[in-house]
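See structure below.
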Number of protein chains: 2
Amino acid sequence: MTQWVYSFGDGKAEGRADMKNLLGGKGANLAEMSNLGLPVPPGFTITTEVCTYFYKHGETYPAELEKAVDAALAEVGRLGGGTLGDPAKPLLVSVRSGARVSMPGMMDTVLNLGLNPETVEGLARLTGNPRFAYDSYRRFVHMYSNVVLELEHSIFEEILESEKETKGIDLDTDLEAEDLKRIAELYKTEVNKRLGKPFPDDVKKQLWGAIGAVFGSWKSHRAQTYRKLHHIPEDWGTAVNVQAMVFGNRGDTSATGVAFTRDPATGEKVLFGEFLVNAQGEDVVAGIRTPQPISKIVRERSGAKKPSMEEAMPQSYAELKRIAERLEAHYRDMQDVEFTVQDGKLFMLQTRSGKRTAESALKIAVDMVREGLIDKETAVARVDPQALDQLLHPTLDPNAPKECIATGLAASPGAATGEIVFNAEEAEKLAADGKAVILVRVETSPEDIHGMHAAKGILTARGGMTSHAAVVARGMGRPCVSGAGMLKIDAKLGTLTVGATTLKRGDILTIDGATGQVFKGRVPMRQPELTGDFSTLMGWADQIRTLRVRANADTPDDAATARRFGAEGIGLCRTEHMFFEADRIVAVRQMILADALEDRQAALAKLLPMQRHDFEAIFKAMEGLPVTIRLLDPPLHEFLPQKDEEIAEVARAAGTDPAKLRARAIALHESNPMLGHRGCRLGITFPEIYEMQARAIFEAAANVEVAGGRLVALEIMIPLVGFKTELDTLKTRIDAVAEALRKEGKKTPPYIVGTMIELPRAALRAGEIAQTAEFFSFGTNDLTQTTLGVSRDDAGTFLTEYLARGLIPRDPFVTIDRDGVGELVKIASQRGRSTRAKLKLGICGEHGGDPDSIRFCHEAGLDYVSCSPFRVPVARLAAAQAALTKAVDGD
Amino acid sequence: MTQWVYSFGDGKAEGRADMKNLLGGKGANLAEMSNLGLPVPPGFTITTEVCTYFYKHGETYPAELEKAVDAALAEVGRLGGGTLGDPAKPLLVSVRSGARVSMPGMMDTVLNLGLNPETVEGLARLTGNPRFAYDSYRRFVHMYSNVVLELEHSIFEEILESEKETKGIDLDTDLEAEDLKRIAELYKTEVNKRLGKPFPDDVKKQLWGAIGAVFGSWKSHRAQTYRKLHHIPEDWGTAVNVQAMVFGNRGDTSATGVAFTRDPATGEKVLFGEFLVNAQGEDVVAGIRTPQPISKIVRERSGAKKPSMEEAMPQSYAELKRIAERLEAHYRDMQDVEFTVQDGKLFMLQTRSGKRTAESALKIAVDMVREGLIDKETAVARVDPQALDQLLHPTLDPNAPKECIATGLAASPGAATGEIVFNAEEAEKLAADGKAVILVRVETSPEDIHGMHAAKGILTARGGMTSHAAVVARGMGRPCVSGAGMLKIDAKLGTLTVGATTLKRGDILTIDGATGQVFKGRVPMRQPELTGDFSTLMGWADQIRTLRVRANADTPDDAATARRFGAEGIGLCRTEHMFFEADRIVAVRQMILADALEDRQAALAKLLPMQRHDFEAIFKAMEGLPVTIRLLDPPLHEFLPQKDEEIAEVARAAGTDPAKLRARAIALHESNPMLGHRGCRLGITFPEIYEMQARAIFEAAANVEVAGGRLVALEIMIPLVGFKTELDTLKTRIDAVAEALRKEGKKTPPYIVGTMIELPRAALRAGEIAQTAEFFSFGTNDLTQTTLGVSRDDAGTFLTEYLARGLIPRDPFVTIDRDGVGELVKIASQRGRSTRAKLKLGICGEHGGDPDSIRFCHEAGLDYVSCSPFRVPVARLAAAQAALTKAVDGD
């Protein structure tokens, strides 16, 4: 027969910590603490299977449940000394929900259950403390009415306030037993009035009402939404914990509190937390009274006057400290505990792994390895890679006052403060004068890149997480808030308006790219400090991971940053970014405007030495490592000005006829440039462009070698291949360039030619494409756009709503869409490798820096991920965790 | 041992007609005719395997080949009465290439091989006709030098002309034996001068030279390109046919000619063809002399004076007729034969299935079934579905003089003549006055639809085979030439310039949508006449095919046309086209401009009765058949004007602030609208639009039923689904509309809800989508765009070049890309049906009217194809042929 109820208490329990699926997190840990002999008030857990049964059988319980609950309750009474509903020796219990994972969407706790007009008298008698008894009673009626009967808090708060007013007092503590008794009666009358039935005095009714409310809350709208957003299966169900009450509100030798076994902010090994004398649990949270620190050292540091628990209740403190150490040693993790001291005796009410900041997580993980508590693998698994970003970028001082005027997307982490500028030129000019500036744009385009580089941070009104601004900012490591749609930007007037606030050019603005918030004025910051713990942990991660980590880097600077952060090569060097620099764009435009092949070749001849120079610097920075260079990818019109004024200006600068320039810009205009004349399609129709690039690559590598540098492993990458014939045609051309150089008597370095897989067709035809391609790099940005048929530039209008409504679990441009895009990656990997067993596989889309996507890449058998330089540590850690997935199961 | 050489002649042969792979088409049919006992000059075929061997072994021959050729040659001599190179009894041969399929890219024929200074004397002696001998000799030297030695024709033509000039004569026939002898000598001297070595007199050298040239021509650049374009495998190789010469140039009892067993233009059962007395084969083709008709009746009809073969050579004619009938009965198909009459004796030199016009193919196929020659299946397989278009549309009189001024894409078949107009309004106005107009636009947009409807034909300068103009024109059955890039259109000035020609508004223009040609002025036309044969053949096709054929139809007119052409339902009814009509667009724009839900609902309330009315008319037209209605698909900005003038005008008409209109247009602007906020994404974010449409559909169906009409089978289709959650959300909404109607006491018809599969993700996730979807319709236009990452509007710049260079075999927007898009269709079909075994599968992209794509759909197990109404007969026939694929192998 199924066991529906599991008892605990008195140094033993029917459950264990590893029975979370059956008992929920709270129940399993209560059982575990009992088994450890820790002082846990007796109680029992009704299993999650009852919840499942409840919903499978029209919200009814298993026949045997009532008897089992009665038996368990009797045992609790025996251990706790009392009986539910017995006025002579009343037993009071708490009833709490407890799913496998903590779920804020669910029912809270009901305390003091079992009180009614008779038992409250008994309690008063028994404790000799009528005020305590009636205080508990009015708390119970309020809580039960709110949590179980679903009446609003304000109903009861109003009654309480009006009574206090009548009596002319301010503090709840000034209410006397009689007042509290009257208030409880008023509460009950109000409940009767509102619900048309009396508040239940029958304690069994109270208990089953609370149990039913817990199970009912599993299907509440809030809980369902929460589950949808956090991918928690509907059929997990919740458990119900019923536990004998202990009272922190029985006078000055009673208290209640929460504690962390280490400082959750810094990781320091000190008992950290707060407690309140003569209070019940909810008082600590409610914030009416200010809780006191638990440890003396923490109190001293904070300058608080009231004594710490260590000073006020040295014995209970000593026991709590002993238990905390015991729990840490037992769970091998920092614990977050709840406790109550009743008449000088300590009781433990909950323990669980404590939440912590990135800084703390890092320190605790490394410390615990040193202390021998955990091994390196566990340490690596414990630190959230996403949170590492906090450690690599400045953050806002959490305690500083600040005025948030707008919120956009957290597009690139880090905080920045500076003067507002509205265009790239101004950004560059002011930055050259040593000023810190924030570049504010409706959206950015490739022409803004130098300004973005000059700015401390970037703020845009339009564009998603993978908009131009976001992608480039992350690549550069610049903080960025994108898509702050409430901003009205008038670049001509030089104003930024949001609601009633208008800021002007030169006004100071602060952005937090980690939260997406925008603040008026300057906000103090904390600079990142990379401790030795950081490199220790990264070293362990590197030992564990099998996936290699490269960086997307287009400049020597990026390359150097990437290498500093531990990149093992460049996975994507976009050659077009080089084309946008001021001294090149002129030649690029000449090339585009050329009518004849010769004119185009003449323009390309001007670009050749520049590209060669770029490559030389990058190859030097990456000595000895692989470098994947992607040949020209974007449509040519991206290089031409679009607006009439700009056209006139550019034409003047280039000595061209504006009409011709305009005509060319119009001719190059495309309805859907993402699906247009770009990538290898340019290489096919204008082969001289790719030939110039190939020559620049080969000559640069040769020059570096001649100068004594170690050769990089050259990987030439053809973008947007859909047909094997495209790759064949272009590889032939590239090989011909190498051959021509050899004939000219020049050295040519070894190189391989591969392709981006960024079109569904390429993924499907990977088997034949791999006959020619020597490596694949998954361009998951474009592959996501084509597979889902979603333009990331245009997705804001509907994808945000999809996310909000749970139609899609995650932004597919942030975390790879495993079911769709992921299947294509797997198909391509499998087909590619069945043609060419040693085919090198990597990913170079934005997903390369996202931990969940990195886990996917590991599972799919890729060789490496490539991400922006600042994401490299994140990727290294995520890759290690992916490798550990089977060994250490994440929480 | 491999047999490298196959002999034929004297009423028997080693080969057969079914040995085309080994002997090539020509060789196999020569063998077959020999076996039939027909008068075929003896000869032999060197097999295609020799060609394969030749290229596998460094262009050398199998060791045994020479001996086999010698033996076969001896046999030819025995039968033909002579020996190659024997001056006493010279044997002359022809050498011709012959692959499995006819390949214009390959080597032509060499006639009269075996002549040299000695044998020509012998031939003169033997025939008593020196002029014939030397005429043959100079022809041989010219032909051999051109075909084998690769010297240009002009070299020899110049010598001939200069000799004629010297002699003061005009006609070749006036040259005497001596002249011809001298000319042959001059030819040889010139060859020696140009090549630095003498023309070969050694007849064996001549023979092996010709054989080598045939094999060499297999890898010529021209042949390779031809093979690439026609998907002919490289390893098929060609055969070589060596055959004893017979001479049609031995005097007035000799002749040569070509004949069709039926009229290739009309299909009439009459011996059709041309012949020349005293001539060799190339004279018929060369066009120097005018050939005479073969049959008397044809001569009389044409009004030619010179006697027909029937009259001039009644005996030979009678034998030719007998043989023609024999061949037709044997091959069960209309034959195209070559023959020569030598001194009154008829010889057959070739037979093959004759090429024919659509009209002729249809008549011949139906006649032959009636004659008992073939069965219905064969008849159905014989008619090219593509060619059917010729029968459904007016065509230009092929004999009329015409001035082609430009060529674009053959975007929609049929010919049209009319006055040039440059915008839709003008087209409508002039058409209302009863004038025929051709609408000329740079490109068309949805706002031009009423003008396209009013015009007789459409001509655009931009846009491919699936541009807006092309798609809409095909749907309407309007002739269209698109993408005629050489046209310079200035709509403001009202001029159309191409090269030096400028046409003005009102000038007459003719377009041929079947060829893509544009003509100045009026060109006489032939109106289509659908004969009884047409419906007979279509009836047979309908009996054979298993694939159903529906039409894409958005209006009652389209629906009626579709039904007339045999459509079995509507596979795609695009509801947005209804929104563009003048009386609706105002309400549509109000809806788009609405700030609040209520305003949007008010605008939708105005649209509801209009949509309901549209649907009523369509449902009436399609009574009893299935109708698939696609809910709103295009991005909203398509409904707004874009240019400032238009905005001002529309704002005035709608009583709106132009600034607001402009702001909305800008806000709705997308970088890649194809991948933007459209399809079901609109339905999710603006559910009230789809709800209005669902209500209109249900109410319309109920009204038709109330009026006594038979219900259509309603299929409501959600476009652009990528995630099952999208379909779930929208199906719930649609069901709720039906439920609401029921609650209002209204009738709701049965309906099913399905989805377009037009995104790669949808194809991959078809298994789960089919949990909700009750049918799939493959939107292969968009599926091609996303799978290949190619915007069809922008593809012109590179796809044309890809096609020209053989990088892709076919335009993937015309014929489905089997390897990429096709695999996704198969994946989706298989996964969808594994969830829902009876899932209805169809295709509604442009591919639904393309025979090759229809074959694919049949193979993939789809239930139906849907195409534009005018393509329905094409699809019916193609579907039947697909069903026959295994039974009757196409040529």
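The chains referred to below are lettered A, B, ... by the order of the sequence lines, with proteins before strands, and numbering in each begins at 1. This is a predicted model, so every value here is computed, not measured.
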- Message: For a 4.5 angstrom cut-off between non-hydrogen side-chain atoms, does B:Thr786 reach A:Pro760?
- Response: no

- Task: Give the minimum heavy-atom separation between A:Ile684 and B:Glu801, together with the two atoms involved.
- Result: O-OE2, 4.2 Å

- Task: Please answer whether the main-chain N or O of A:Ser671 pairs with a side-chain N or O of B:Asp794 as donor and acceptor at a distance below 3.5 Å.
- Result: yes

- Locate the shortest heavy-atom distance separating A:Val790 from B:Arg681; write the atom from each residue and the value. CG2-NH2, 3.3 Å

- Note on the structure: Assert top hit (heavy-atom pairs under 4.5 Å, partner chain B, pool A:His669, A:Arg678, A:Glu758, A:Glu670) equals A:Glu670

- Distance, nearest 0.5 Å, that separates CG of B:Leu764 from CG of A:Leu824: 5.0 Å

- Hey, which of B:Gly722, B:Pro673, B:Gly789 has the most heavy atom pairs under 4.5 Å with chain A? B:Gly789

- Heavy-atom contact with chain A under 4.5 Å, split by part of B:Asp817: side chain

- Item | A:Leu675 vs B:Leu675 side-chain heavy atoms within contact, under 4.5 Å | yes

- Query: How far apart are the closest heavy atoms of A:Leu759 and B:Thr787, and which atoms are they?
  - Reply: CB-O, 3.9 Å

- Message: Please check if the number of heavy atoms outside A:Lys488 that lie under 6.0 Å from its NZ is greater than 12.
- Response: no

- Task: For A:Arg761 and B:Thr784, indicate whether the former's side chain and the latter's backbone hold a donor-acceptor pair under 3.5 Å.
- Result: no

- Message: Quick check on B:Glu726 against chain A: is it the side chain, the backbone, both or neither that has a heavy atom closer than 4.5 Å?
- Response: both

- Message: Please rank B:Val821, B:Asp728, B:Asp819 by heavy-atom pairs under 4.5 Å with chain A and give me the top one.
- Response: B:Asp819

- Note on the structure: Looking only at B:Gly820, B:Ser791, B:Gly679, B:Ala667, most heavy-atom pairs under 4.5 Å shared with chain A are made by B:Ser791

- Task: Using a cut-off of under 4.5 Å on heavy-atom pairs, state which of B:Glu768, B:Met674, B:His677 scores highest against chain A.
- Result: B:His677

- Note on the structure: Ranked by heavy-atom pairs below 4.5 Å to chain B, first place among A:Ile827, A:Leu682, A:Thr797 goes to A:Thr797

- Message: Quick one: does any side-chain atom of A:Thr725 pair with a main-chain N or O of B:Leu807 as donor and acceptor, under 3.5 Å?
- Response: yes

- Between B:Ala763, B:Gly676, B:Ala762, which has the largest tally of heavy atom pairs under 4.5 Å with chain A? B:Gly676

- Task: Identify which part of A:Phe723 has an atom lying under 4.5 Å from any heavy atom of chain B, answering side chain, backbone, both or neither.
- Result: side chain

- Message: So for A:Arg462, is it side chain, backbone, both, or neither that comes closer than 4.5 Å to the heavy atoms of chain B?
- Response: neither

- Task: With rounding to the nearest 0.5 Å, note down the distance linking OH in A:Tyr802 to OG1 in B:Thr685.
- Result: 7.5 Å

